[in-house]
Amino acid sequence: MSTQTLTSPGVSVPRAARLNFSGVLRAEWRKFHTVRSTWILSLTAAGILLLFAFGFSLILGATISKYGSEEVTGGSVAPGMFTNSMATAGLTIAALLFSAAVVVSIAGEFSSHSIISTFSAVPKRWPTYLAKTLVTGVLGFVAGVVGHVVAALLAWVGLSMTGMDTELGLGATTHQALVTGLYVLVLTWLGLGLGALMRNTAGAVVSVSIFVYLIGQVLQGLAAGMHRDWLTWLAYHVPTSAVDALRGEGGNAMAVATQTSMATWDAWLTVAFWALVPLALGAVAYQRRDVK
Amino acid sequence: MIEISHLTKRFGGVTAVDDVSFTVPPGTVTGFLGPNGAGKSTTMRIIMGLERADTGTATVLGKPLREHPAPLLSVGALLDARSLNPARTARASLRVLADTHGLPARRVDEVLDLTGLTEVAGQRAGRYSLGMGQRLGIAAALLGDPRVLVLDEPVNGLDPEGVTWVRQLCRNLAADGRTVLISSHLMSEMAQTADRLVVIGRGRVLADRTLEEFIADVGDDHVRVAAADPHRLGVHLVDAGAAVDPGPEGSLVVRGVDADTVGRVALASGVALTHLSQVRPSLEDAYLRLTAQEVQYHSGGVGEVPPGAPGSALPSEQPAPALLTEPGATGQSRPIQPNETTPEARS
């Protein structure tokens, strides 16, 4: 390995070059897609979403074929209800994995000390956080919407293979896909905020998991056992339950199937809280705390 | 130019940087020296906006770094041997930085070529050796062809060719009118690279002057002489105004006069000499003397402890010099104390 003796022959740095937000956006996009963990976690998430949709649709189809639709559902079925329910069967795990990729992208910068070069290039800091928010938010939302549509199609194929004649329901699927995109967006920004706050990948991933998985289930169990209204209220106001409340009929995330009774405004407020409050706290920490 | 003015930074109850002021002028390589924990890295991080000072200011080219419209073109920094993501390839890491300022991809290729990393640019940085990581960090620092370079221990882990290259690079950059602030514990390397020195200990500036001034003011310039009758020679040397101490293997350490004078005194007193040499101080000698009382973390029990340092079995031959800063430059300056000998040292 040898080095050149001159400092900078043929320097191709335009003296008019300036730090600009579009450049920071491009840099954050390049950061996100040039690490292996992003691809591993994202592809695993996609695989789980699609496999669960297809697998559960085969099981559901076989069950309905055996016992009949009314026995299983207890009544009439809205168009797209089966396909959309199956499409969200693996959503919680998939969204969690995508959120973990986002956590790695920000907390990993601190643990690897590469944040030093980031802040040396962008010493104002906030443009990189805003760029991360936009890049991961758009990716999360689009991935959620596209993932839901593909998963619903696979569920429809699975149900058809078991002899069920079911409808995709374009309107219902579009609505459910948008809500799925919102759910992935919420978990993405939750992961980004906690990653910036904790600067520790493992800690932030575990925290997201607790907020998404554990707290909801624990609160639901406690609420059912202790019959306390405030526990029930809390159980509804976790991210998964709040997003499920926006789905309307036939779209609950199967993994945590909750029977929510939130008003739409309440659900939107709760979703906004989980998406924006950790994000804002993370922004403050990102902007103000020293880099070790 | 880098201007540090009354900078103070505390971590809990520990004052890492204590009212530090100095200026790094353009066209020079300024060495930034100090024992471990002296506050060098903290000061450099404050310059780069990675840490906030409790009081005081650090400006680059007249303003804080965050106010520069193109920070990469103003300042390049190497503050950590592993400051680029180990999971990303070297080329991708540099492209990320280049993207922020709209620098062309060929500039990335240029700095990879400059640092000798072209052949391994497609490897993930985590697979790099320490030296290769340093080269990558230097490549990142040079990416914007900046006017100011801040390099914290840039030669750590580099092979001799790399060390020489960094030295030449710094010299060339300074010759081009750029500002270079470089920290290192390799005194021999610093002696060949730096024009000026800022020495810091326990968060305070101990010296701020040119390399030559620093060695002359702090270093222990003396004569070593061995004679058939050292006692008689010693008496005559003291009469001639010299300070004489016993040296190793029966020799004498003479301060205050040069080797010519010692030779003449020996001739006049009729004492045969078996050895006579002028011992010029090195940067390392001068540095160790200045920082002997400022070392926070001591190694245990192997080899010599600098005379006068805590834990040293030997008494200090001379007191550690007081602060050596330009009068008026820092607001905490004291008069320069040249090679003084204590009354006790005179025999």
- [ ] Tell me, out of A:Ser37, A:Ala17, A:Gly108, who's got the most heavy-atom pairs with chain B below 4.5 Å.
- [x] A:Ala17

Task: chain A contact via B:Ile46 - which portion, at a heavy-atom distance below 4.5 Å - done: neither

- [ ] For A:Arg288, look at atom CZ and say whether over 12 heavy atoms of other residues, nucleotides or ligands are found less than 6.0 Å away.
- [x] no

TODO: Let me know if A:Arg125 has heavy atoms under 4.5 Å from chain B in its side chain, its backbone, both or neither.
DONE: side chain

Open item on the list: Once ring-ring contact (aromatic ring centres under 6.0 Å, His included) is applied, do any residues pair with A:His33, and if so which ones, sequence neighbours excluded?
Closed with: A:Trp29

TODO: Please round to the nearest 0.5 Å and tell me the distance separating atom OG of A:Ser120 and atom CG of B:Leu50.
DONE: 5.5 Å

Open item on the list: By the salt bridge (Lys or Arg N to Asp or Glu O under 4.0 Å) test, which pairs, at least two apart or in different chains, include something from residues 62-80 of chain B?
Closed with: none

TODO: Specify which of A:Val24, A:Val35, A:Ile115 makes the most heavy-atom pairs with chain B at under 4.5 Å.
DONE: A:Val35

- [ ] Kindly determine whether B:Thr100 and A:Arg26 satisfy side-chain contact (heavy atoms from CB on, under 4.5 Å), including the steps that lead there.
- [x] CA-CA 7 Å; B:Thr100 59; A:Arg26 203 162 40 245; over 6 Å; no

Open item on the list: Please report the interatomic distance CZ(B:Arg95) to OG1(A:Thr34), rounded to the nearest 0.5 Å.
Closed with: 10.5 Å

Open item on the list: So, using ring-ring contact (aromatic ring centres under 6.0 Å, His included) as the criterion, who are the partners of A:Phe54 when residues are at least two apart?
Closed with: none

Open item on the list: Using side-chain contact (heavy atoms from CB on, under 4.5 Å), reason through A:Ser117 and B:Leu97 one step at a time and then give a plain yes or no.
Closed with: CA-CA 8 Å; A:Ser117 55; B:Leu97 294 176; 4.1 Å; yes

Open item on the list: Salt bridge check, A:Asp290 against B:Lys9: does any charged N sit closer than 4.0 Å to a carboxylate O?
Closed with: yes

- [ ] Check step by step if side-chain contact (heavy atoms from CB on, under 4.5 Å) holds for B:Leu103 and A:Val13.
- [x] CA-CA 6 Å; B:Leu103 302 181; A:Val13 175; 3.9 Å; yes

- [ ] Spell out the residues in residues 24-32 of chain B that have some non-hydrogen atom less than 4.5 Å away from a non-hydrogen atom of chain A, in order of number; otherwise answer 'none'.
- [x] none

Open item on the list: At a 4.5 Å cut-off on heavy atoms, which part of B:Arg124 comes close to chain A: side chain, backbone, both, or neither?
Closed with: side chain

- [ ] Among A:Thr128, A:Leu19, A:Val291, single out the residue with the greatest number of heavy-atom pairs under 4.5 Å to chain B.
- [x] A:Leu19

TODO: Go through B:His101 and A:Arg18 one step at a time and tell me if the side-chain contact (heavy atoms from CB on, under 4.5 Å) criterion holds.
DONE: CA-CA 5 Å; B:His101 286 63; A:Arg18 291 288 180 271; over 6 Å; no

Task: Contacting moiety of B:Ala87, where chain A heavy atoms sit under 4.5 Å - done: both

TODO: Measure the spacing between CG of B:Asn85 and NE2 of A:His113 and express it to the nearest 0.5 Å.
DONE: 11.5 Å

Task: Contact leader toward chain B among A:Glu109, A:Gln287, A:Glu28, where contacts are heavy-atom pairs under 4.5 Å - done: A:Gln287

- [ ] Taking the side chain as every heavy atom from C-beta outward, state whether A:Ser114 and B:Pro86 have any pair of such atoms under 4.5 Å apart.
- [x] no

TODO: Would you mind checking which part of B:Arg106 comes under 4.5 Å of any heavy atom in chain A, side chain (CB onward), backbone (N, CA, C, O), both or neither?
DONE: both

- [ ] Pick whichever of B:Ser41, B:Gly131, B:Ala141, B:Pro104 has the most heavy-atom pairs under 4.5 Å with chain A.
- [x] B:Pro104

